[in-house]
Amino acid sequence: MKIVDILNSKKVSLSFEVFPPKKQEALESIKKTAVELTSLNPDFISVTFGAGGSTQGYTADIAQAIENQGTTALAHLTCVRSTSEALNHIISNLKEKNISNVLALRGDFPKDSVEGENVFPSGFVHASDLVTLLKKEGFCVGGACYPEGHPESTSRETDIENLKHKVDAGVDFLTTQMFFDNDMLYSFLYRLQSAGIHVPVLAGIMPITNANQVSRMVDLSNAYIPRKLLAICDRFKNSPEAMKQAGIAYATDQIIDLISNGVRGIHIYTMNKPEIAKAIISNVNEIIKATNL
Ligand code: FAD
């Protein structure tokens, strides 16, 4: 099913994200994780796209395992360091596997790139280039967005102008980078409306269940960490079970506030941990049920 149709038919949607393994030996176990997540009845599960090499095909394999359970899958795809031939090959593979939803991404600029390397051999320099191709191929296409600004952008205004260009290229829905302060999202949504961006926006929630995650997440996303979350990490960094419980409670609190304020899509970065997804769902399932009545 096309994700845009799911989003249009529900007052609030809930989705999860898994990532493929680096090694083939772990592929079956990640497929099992994805299948376990389908038993929680999410509206869809997204599968990220690895940085390079042979593991890139695992995204389509895992997406197919999810679809085989009757759950919609969203396959991520990046264009950095990909040739046109490689992109066309992946697109054909997704079509063969009946995957109809793709999150079109540029991918991070490679840190190991040497001077003179053409990191965009397909000529696709921005995610919007990939959006145009995927729309032509008939996919329902998602795009990424950044409530606190993309790390490379010179200003939030320019970032929103570039985002508008990407949406105009054919994006059906957006998923946000993780954020830990809901006010960041509310002000971003306001700026999107002002810029004439009206596609559905799914709020990306990352449960912090291990205190060491915080510095990694800040490096990755530049996200602001509120005092309340810092205090949790500081207090429980040496008590893994307590940290997990507090991190789940923090994510739950964020989700309840988002739904109460009319946000219509919650995307949980489940990080291949079904037990965390289960705990959050058991905290919010009645809230989601009541909202969708
Ligand atoms: P773009 O939309 O191309 O934007 C990148 C930068 O270029 C921004 O600063 C933007 O303002 C600027 N820009 C865009 N268009 C133009 C233009 N026309 N002119 C000038 N500047 C422009 N990475 C992976 O490797 N695999 C994944 O599976 C993956 N999944 C992700 C899922 C989500 C929800 C998010 C938020 C990120 C994900 N990423 C993933 C990370 C993503 O690849 C990086 O954040 C990357 O740096 C930017 O990708 P993008 O698609 O947002 O790029």
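Just follow the structure's listing: the first ligand is 1, and inside any ligand the first atom is 1.
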Ion pair check, E148 and R156, cut-off under 4.0 Å: no
Which option out of I160, N162, T158, V47 puts a heavy atom nearest to atom 13 (N) of ligand 1? N162
Which bit of L163 gets closer than 4.0 Å to ligand 1, counting heavy atoms only: side chain, backbone, both or neither? neither
Any luck finding a side-chain donor-acceptor pair between Y224 and D183 under 3.5 Å? no
Return the minimal non-hydrogen interatomic distance between T291 and I287, and the atom names on each side. OG1-O, 2.5 Å
Would you mind telling me if ligand 1 is within reach of the side chain of H76, the backbone, both or neither, using heavy atoms under 4.0 Å? side chain
With respect to atom 43 (O) of ligand 1, which of G50, G107, P20 exhibits the smallest heavy-atom separation? G107
Identity of the nearest option to atom 49 (O) of ligand 1, non-hydrogen atoms only, from F124, F109, Y146: Y146
Can you check whether A144 has an N/O within less than 3.5 Å of an N/O in ligand 1? no
Please determine whether ring pair (Phe, Tyr, Trp, His ring centres under 6.0 Å) holds for the pair H267 and F44, giving the CA-CA distance in whole Å, both sets of side-chain angles, and the decisive distance to 0.1 Å. CA-CA 9 Å; H267 185 68; F44 70 88; 5.8 Å; yes
Using a 3.5 Å cut-off on N or O atoms only, is Q177 in polar contact with ligand 1? no
Numbered in order shown, the ligand 1 atoms found under 4.0 Å of a heavy atom of K166 are 2 (O), 51 (O), 52 (O)
Strictly below 4.0 Å, N to O, side chains only: are E137 and K95 in salt-bridge contact? yes
Close-contact set for ligand 1 against A127 heavy atoms, below 4.0 Å: 1 (P), 2 (O), 3 (O), 51 (O), 53 (O)
Got a salt bridge between D159 and K164, using NZ or NE/NH1/NH2 to carboxylate O under 4.0 Å? no
Which of the atoms of ligand 1 are close to Y269, meaning less than 4.0 Å from one of its heavy atoms? 34 (C)
Taking only heavy atoms of L103 into account, list the atoms of ligand 1 that are under 4.0 Å away from them. 32 (C)
Ligand 1 versus F19: contacting region, heavy-atom distance under 4.0 Å: neither
Would you check if there is a donor-acceptor pair between the side chains of N93 and K97 at a distance under 3.5 Å? yes
When only distance counts, is D159 in polar contact with ligand 1, meaning an N/O pair under 3.5 Å? yes
Check H150 against ligand 1 and report side chain, backbone, both or neither, counting heavy atoms closer than 4.0 Å. side chain
Just go through L77, L174, D108 and tell me whose heavy atom is the nearest to atom 44 (C) of ligand 1. D108
Taking only non-hydrogen atoms of T48 and a 4.0 Å limit, the atoms of ligand 1 in range are 28 (O)
Using a strict cut-off of 4.0 Å, indicate which atoms of ligand 1 neighbour a heavy atom of T78. 24 (C), 25 (O), 26 (N)
Side chains of S13 and D43: donor-acceptor distance under 3.5 Å anywhere? no
Any nitrogen or oxygen of F49, side chain or backbone, less than 3.5 Å from one on ligand 1? yes
Using a distance-only test with no angle check, is there a side-chain donor-acceptor pair under 3.5 angstrom linking E17 and T270? no
Value for CG (N272) from CD1 (I30), rounded to nearest 0.5 Å, stands at 4.0 Å
Tell me whether E152 has any N or O atom under 3.5 angstrom from an N or O of ligand 1. no
Looking only at non-hydrogen atoms, which of L202, L105, L74 approaches atom 39 (N) of ligand 1 most closely? L105
Sidechain-backbone polar pair: T71 side chain, E67 backbone, donor-acceptor under 3.5 Å: no
State plainly whether the residues D172 and K2 are in salt-bridge range, i.e. N to O under 4.0 Å. no
